[in-house]
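Everything numeric in this text was worked out from a predicted model, so none of it was measured.
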Amino acid sequence: QVQLVESGGGLVQAGGSLRLSCAASGPTFSTYAMGWFRQAPGKEREFVAAISWSHSSTYYADSVKGRFTISRDNAKNTVYLQMNSLKPEDAAVYYCAAKISSLLIVARDKYDYWGQGTQVTVSS
């Protein structure tokens, strides 16, 4: 069983930055494909970014490309989401997700494990 715990959310002004962290349990973190998703009130959970287990591949939603960066530290069992130039429309609950896979995974329904989420609020 994999447990994921997000942290780093909060309130930030538009144009500001936040770094989210997702700490994973389990001895085989280096074999997990990881992703970040977000869900705003009244909307479906949407893909934000993904990273393969080997760090070699990343993928971003068009809405965050150039502003957000996903990375991982396998020694710390942690994946990060650096968010710069935040906009009010980035406000949401952010979730990390994991799946034991060597592939880069974008589809929400392909992930097996989810964290509880961390709230990001962006004031205009």
ask   = Ring centres of F47 and F37 under 6.0 Å apart?
value = yes
query = Going hydrophobic residue to hydrophobic residue with side-chain gaps under 4.5 angstrom, can you get from L4 over to Y80?
reply = no
message = With no hydrogens and no angle check, just 3.5 Å: does a side-chain donor-acceptor pair link T78 and D73?
response = no
ask   = Does any non-hydrogen side-chain atom of F68 lie less than 4.5 Å from one of L86?
value = yes
query = Ion pair present between D62 and K65, side-chain N to carboxylate O less than 4.0 angstrom?
reply = yes
query = Within a strict 4.5 Å, meaning less than it, do heavy atoms of the Y32 and W53 side chains meet?
reply = no
query = Would R67 and D90 satisfy side chain to side chain contact (heavy atoms under 4.5 Å, CB included), going step by step from the backbone distance to the final call?
reply = CA-CA 11 Å; R67 300 188 297 122; D90 294 318; 2.7 Å; yes
request  = Could you go through the side chain to side chain contact (heavy atoms under 4.5 Å, CB included) check for W36 and V79 one step at a time?
outcome  = CA-CA 9 Å; W36 285 98; V79 64; 4.0 Å; yes
message = If we ignore hydrogens and angles and just use 3.5 Å, is the side chain of S57 paired with the main-chain N or O of L104 as donor and acceptor?
response = no
request  = Determine whether more than 12 heavy atoms belonging to other residues, nucleotides or ligands lie under 6.0 Å from atom CD of E46.
outcome  = yes
inquiry  = Within the structure provided, determine whether M34 and R72 are in side-chain contact (heavy-atom separation under 4.5 Å).
reply    = yes
key: Test item: side-chain donor near acceptor, Y94 and R38, under 3.5 Å   = yes
ask   = Distance from I100 atom CD1 to T31 atom OG1, nearest 0.5 Å?
value = 5.0 Å
task = Determine whether V93 and T118 make a side-chain contact, defined as any pair of heavy atoms from C-beta on separated by less than 4.5 Å.
result = no
ask   = Do the side chains of D112 and V2 get nearer than 4.5 Å, heavy atoms only?
value = no
Validation row: S17, Q82 side chains within 4.5 angstrom (heavy atoms) = yes
Partner residues of Y113 under the ring pair (Phe, Tyr, Trp, His ring centres under 6.0 Å) criterion, sequence neighbours left out = none
ask   = What's the verdict on side chain to side chain contact (heavy atoms under 4.5 Å, CB included) for L20 and E6, showing C-alpha distance, side-chain angles and the deciding distance?
value = CA-CA 7 Å; L20 306 183; E6 301 97 335; over 6 Å; no
Residue list, side chain to side chain contact (heavy atoms under 4.5 Å, CB included) with A107, at least two apart or on another chain = D109, K110
request  = Rounded to the nearest 0.5 Å, what's the gap from CD on Q1 to OG on S25? Could you check?
outcome  = 7.5 Å
ask   = If every non-hydrogen atom of A33 is compared with every non-hydrogen atom of Y111, which pair is closest and at what distance?
value = O-CE2, 3.7 Å
ask   = Nearest heavy-atom pair of P88 and S124: which atoms, and what distance?
value = CG-CB, 3.9 Å
Non-hydrogen atoms of A91 and A40 that approach each other most closely = O-CB, 3.8 Å
ask   = From C96 SG over to I70 CD1, what is the distance, rounded to the nearest 0.5 angstrom?
value = 9.0 Å
request  = To the nearest 0.5 Å, tell me how far R108 CZ sits from R45 CZ.
outcome  = 7.5 Å
key: Transitive ILVMFWY side-chain link I105 to Y60, under 4.5 Å   = no
ask   = Is there a side chain to side chain contact (heavy atoms under 4.5 Å, CB included) between L18 and V120 once you walk through the steps?
value = CA-CA 9 Å; L18 282 175; V120 171; 3.9 Å; yes
Interatomic distance, K76 atom NZ to N74 atom CG [nearest 0.5 angstrom] = 12.0 Å
inquiry  = Does atom CD (E89) have a neighbourhood of more than 12 heavy atoms from anything else shown, all under 6.0 Å?
reply    = yes
